[in-house]
Amino acid sequence: KRYSGIDRYATSALAATGAFTTGGDNVVLVSGENFADGLSASGLAGALGGPVLLTHPTTLLGSTANAIGAIDTGTSSAATALTVTIVGGENAVSAGVATSLTGLGYTVNRVSGADRYATAVAVGDKLRSIATIGSVVSKTTAILVSGTSFPDGLAAGGLAYLSKLPVLLTNGSSLDAGTTAFLNNEINPVAQVLIVGGTAAVAEAVATEVKAIANGLVAINVMRVSGADRYATALELAKFRAKAAVLQGNAETVTNVMLVSGESFADALSSAAKAGVAATMTILTTSAAIDADSLAWITAKYGSVTNVFVTGGTSAVSTATATSAKTGATTVAVSASLVGGPGAKCV
């Protein structure tokens, strides 16, 4: 199944309505022109039970408004107006967009901070106030990714959505004071931080800082999932999620695969809700092909994979790439014949 429109906003609209075919009460709205706020939005969207939807920064496009309307029409709580939660300041999503949404009858909230790192903390605080922070390998967990590049955060979006995990950002070399304070909070505390990305993205010094935080409990446990590049990191995260609990994995059966471009951020941000379906693994691809290791892993999981989803057009994830993943995830039928007769052996 491919979700693809004429541009990133139309694609986002199709992904949102595709994930919420029977409607919902919440939509999380982020800028389609910058990735940072969208990275932190996935966990909050999972806690609210709504999609991450891209908007033009200054104009509420028809495709975006129509998607929100379609989700609102199908809501099971018709007496309550759908709530749109904007993530990011007015430089990211303008006051005009908020006014347009209010004019359409929606309840509009905004979650933001002074910069991308503070916004991620504000989003984490919002998540913490409405839901219990989710767990990975039996420990309440926050995800930590680079705030200066997008691929590792994109790979983590589905897991954050599924398990209601805050996604925090770092400049790569240190934690800012707000992020440290969030992790040091004893209310609905974080017991573990999952760093997604190698030391070039999030330095080991950052992991050391996190380990020194106790938030009233024992020191925070730190896990890191990474690979040689963005594609390998996404694959390693999928492997970690599928690994048995006794091997310190998340013990998920691989049922669905979500293919998104690892070269641009927009479609992957939009895929958060669909990628957040239980046991759905996000795999990053180039526009031309899926890497050999990722394809081999999908092929090895053919016994349990039932769906391959793609978010983005063929210029982002080619038809050949989608077909190769589908082929790899499909059981190959093996035929056998028996020839009988006097004295014949069946082998």
Side-chain angles (χ1 to χ4, degrees), residues 28-46 52 54 57 86-93 110-128 133 141-161 165-185 190 192-210 213 220 222-227 229-230 233-234 237 260-272 282 284:
V28 176
L29 201 64
V30 300
S31 171
E33 301 301 318
N34 194 294
F35 65 85
D37 298 333
L39 295 183
S40 61
S42 54
L44 177 60
V52 175
L54 303 187
I86 297 173
V87 173
E90 292 185 1
N91 287 335
V93 178
R110 186 185 294 271
V111 181
S112 65
D115 57 23
R116 62 187 60 191
Y117 308 102
T119 293
V121 169
V123 171
D125 284 334
K126 178 70 173 178
L127 188 161
R128 173 179 261 156
I133 292 174
T141 298
I143 293 174
L144 184 64
V145 296
S146 170
T148 61
S149 61
F150 57 80
D152 299 332
L154 299 182
L159 176 60
Y161 188 102
L165 309 179
V167 179
L168 304 173
L169 307 181
T170 171
N171 63 11
S173 59
S174 63
L175 293 179
D176 69 285
T179 304
T180 299
F182 178 88
L183 294 173
N184 203 29
N185 196 325
V190 172
Q192 179 171 258
V193 168
L194 175 62
I195 297 174
V196 179
T199 54
V202 180
E204 192 57 33
V206 176
T208 300
E209 283 189 69
V210 174
I213 300 171
I220 292 177
V222 176
M223 302 179 73
R224 185 189 293 269
V225 176
S226 66
D229 57 24
R230 62 188 64 187
T233 293
L237 183 59
V260 291
S261 171
E263 298 173 319
S264 61
F265 64 85
D267 297 334
L269 292 183
S270 299
S271 75
T282 299
L284 303 185

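Reckoned from all heavy atoms, side chains included, excluding hydrogens, waters and symmetry mates.
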- Note on the structure: In terms of heavy-atom contacts, S173 and A203 come closest through CA-CB, 4.4 Å
- Would you mind reporting whether N171 and D176 have side-chain heavy atoms less than 4.5 Å apart? no
- Would you say R224's side chain and A207's backbone share a donor-acceptor pair under 3.5 angstrom? no
- When rounded to the nearest 0.5 Å, the distance separating CG of L165 from CD of Q192 is 9.5 Å
- Between the main-chain N or O of L284 and the side-chain N or O of R230, is there a donor-acceptor pair closer than 3.5 Å? no
- Query: At their closest point, which heavy atom of P151 faces which heavy atom of S149, and how far apart are they?
  - Reply: CD-C, 3.7 Å
- Item | Pairwise side-chain contact, V93 with R110, heavy-atom cut-off 4.5 Å (strictly under) | yes
- Message: Check whether T170 reaches the backbone of S174 with its side chain - one donor and one acceptor, N or O, closer than 3.5 Å.
- Response: yes
- Query: Do the side chain of T233 and the main chain of G227 share a donor and acceptor less than 3.5 angstrom apart?
  - Reply: yes
- Query: Quick check: does any side chain N or O of T119 sit under 3.5 Å from a backbone N or O of D115, one acting as donor and the other as acceptor?
  - Reply: yes
- Query: In Å, rounded to the nearest 0.5 Å, how long is the span from OH of Y117 to CG of L169?
  - Reply: 7.0 Å
- Item | Separation between OG of S40 and CG of L168, rounded to the nearest 0.5 Å | 9.0 Å
- Whether D267 side chain and S270 backbone form a donor-acceptor pair below 3.5 Å: no
- Hey, mind stepping through I133 and L127 against side chain to side chain contact (heavy atoms under 4.5 Å, CB included) and telling me if it holds? CA-CA 7 Å; I133 292 174; L127 188 161; 4.2 Å; yes
- Which residues satisfy the side-chain contact (heavy atoms from CB on, under 4.5 Å) test with S264, sequence neighbours excluded? S261
- Message: With side-chain hydrogen bond (donor to acceptor under 3.5 Å, both in side chains) as the criterion, how do S31 and N34 come out once you've worked through the C-alpha distance, each side chain's angles and the decisive distance to 0.1 Å?
- Response: CA-CA 6 Å; S31 171; N34 194 294; over 6 Å; no
- Message: Let me confirm one number: the OG1-CG distance from T141 to L144, rounded to the nearest 0.5 Å.
- Response: 12.0 Å
- Task: List the atom of S112, the atom of G88, and the distance in Å for their closest heavy-atom pair.
- Result: CB-C, 3.5 Å
- Task: Would you confirm whether S42, through its side chain, and G38, through its main-chain N or O, come within 3.5 Å as a donor-acceptor pair?
- Result: no
- From L175 CG over to N184 CG, what is the distance, rounded to the nearest 0.5 angstrom? 11.0 Å
- Pairwise distance OG1(T282) to CG(L154) - rounded to 0.5 angstrom: 9.0 Å
